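Only one structure is covered here, and it is reproduced in the block below.
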Amino acid sequence: MFEARMAQAALLKKVLEAVKDLVTDANWDCTSAGISLQAMDSSHVSLVSLLMRKDGFDMYRCDRPISLGINIASMTKIMKCANNNDAVTLRAEDEGDTVVFTFESADQEKVSEFEMKLMDIDSEHLGIPEREHTATVKMPASEFHGICRDLSTIGETVQVSVTKEGVQFTASGDTGKGTITLRNNSSVDEESQQVVITMQEELSLSFALRYLNFFTKATALADSVTLSMTADLPLVVEYRIEDTGYIRYFLAPKIDD
Amino acid sequence: KQKQSSISRFFARK
């Protein structure tokens, strides 16, 4: 038996918003530690890795590991039936082929139940090592969102350069070129407004803005986002989900042909 | 000209 209850449906809605444009179907892997999901986009250019630890739930029970194969669009439709303040419970039998969503209104006067058929999803699991990166940039999530959106109007690719001066985002296209520079401002009082750059050496990498714009759908999940970069390795874009998990996106850099 | 590589190239299958 798997059963997990979260106090606010809003959180699960935000998680779905953060994956639904990138992933069609995915296995939600549930264990006694929590729920995780790993999936590539259909072009296999990027990867999303979600973790929601059990301590982020009001109630959590998972007797044995279970993979819930879910069509993300169907789940999104069901979750739209929940109010943001509803409590939501997910429930699945060990050998079952459905997952049940229960929404309870804050005043407990309304209870809705939706049953969704599970799918058999054959997905390869990739081992993602935790590694030190050459440079990291922590910045307000809304700032990163704005930069990706603005530079998309100029070109398809952004060059991210980290130097002692700060981090520079540059896009160029037929109509011209745009450059946005952020300087380290770790002295700002409000932590969520800080731009914090760590760097072992200067680097410059290029990424497809199309995918970065998909990643910024997670903006509502966190105040800050962290970009981690190492030459010739995938960029990691991480949004922390409170203190109980994260959504991480990995994007292979564009390399000179 | 720049080339976009696949993400799976960077991680080993489990």
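Note that this is a predicted model, so its numbers are computed, not measured. Residue numbers start from 1 in every chain, and the chains themselves are labelled A, B, ... in the order their sequence lines are given, proteins ahead of strands.
Enclosure of atom NZ in A:K20 by more than 12 non-hydrogen atoms of other residues, nucleotides or ligands within 6.0 angstrom is indicated. For A:R210, the CZ atom counts as loosely surrounded, since its 6.0 Å shell holds 12 or fewer non-hydrogen atoms of other residues, nucleotides or ligands. Counting non-hydrogen atoms of other residues, nucleotides and ligands closer than 6.0 Å to CG of A:D63 gives a total above 12. Counting non-hydrogen atoms of other residues, nucleotides and ligands closer than 6.0 Å to NZ of A:K217 gives a total of 12 or fewer. Within 6.0 Å of CD in A:E132 there are 12 or fewer heavy atoms belonging to other residues, nucleotides or ligands.
Within the 4.5 angstrom heavy-atom criterion, only side-chain atoms of A:T157, from C-beta onward, approach chain B. Of the two parts of A:D41, neither the backbone nor the side chain holds a non-hydrogen atom closer than 4.5 Å to a non-hydrogen atom of chain B.
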Report task. Could you please spell out the steps behind the side chain to side chain contact (heavy atoms under 4.5 Å, CB included) verdict for B:R13 and A:L126? Result -> CA-CA 4 Å; B:R13 270 184 216 177; A:L126 302 174; 4.0 Å; yes
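B:Q4 approaches A:L251 most closely through the heavy-atom pair NE2-CD1, 4.5 Å. Nearest approach of A:P253 to B:S5, heavy atoms of both residues: O-OG, 4.0 Å.
In this structure, the separation between CD1 on B:I7 and OH on A:Y211 is 10.5 Å, given to the nearest 0.5 Å. Going from atom CE of A:M40 over to atom CZ of B:F11 covers 10.0 Å, rounded to the nearest 0.5 Å.
Side-chain atoms of B:S6 come within 3.5 Å of backbone atoms of A:H44 as a donor-acceptor pair (strictly under, hydrogens ignored).
By the 4.5 Å heavy-atom criterion applied to side chains, A:D257 and B:Q2 are not counted as neighbours.
Residues B:F10 and A:F250 keep their aromatic ring centres 6.0 Å or farther apart.
By number of non-hydrogen pairs under 4.5 angstrom with chain B, the leading residue of A:I255, A:L47, A:I128, A:L233 is A:I255.
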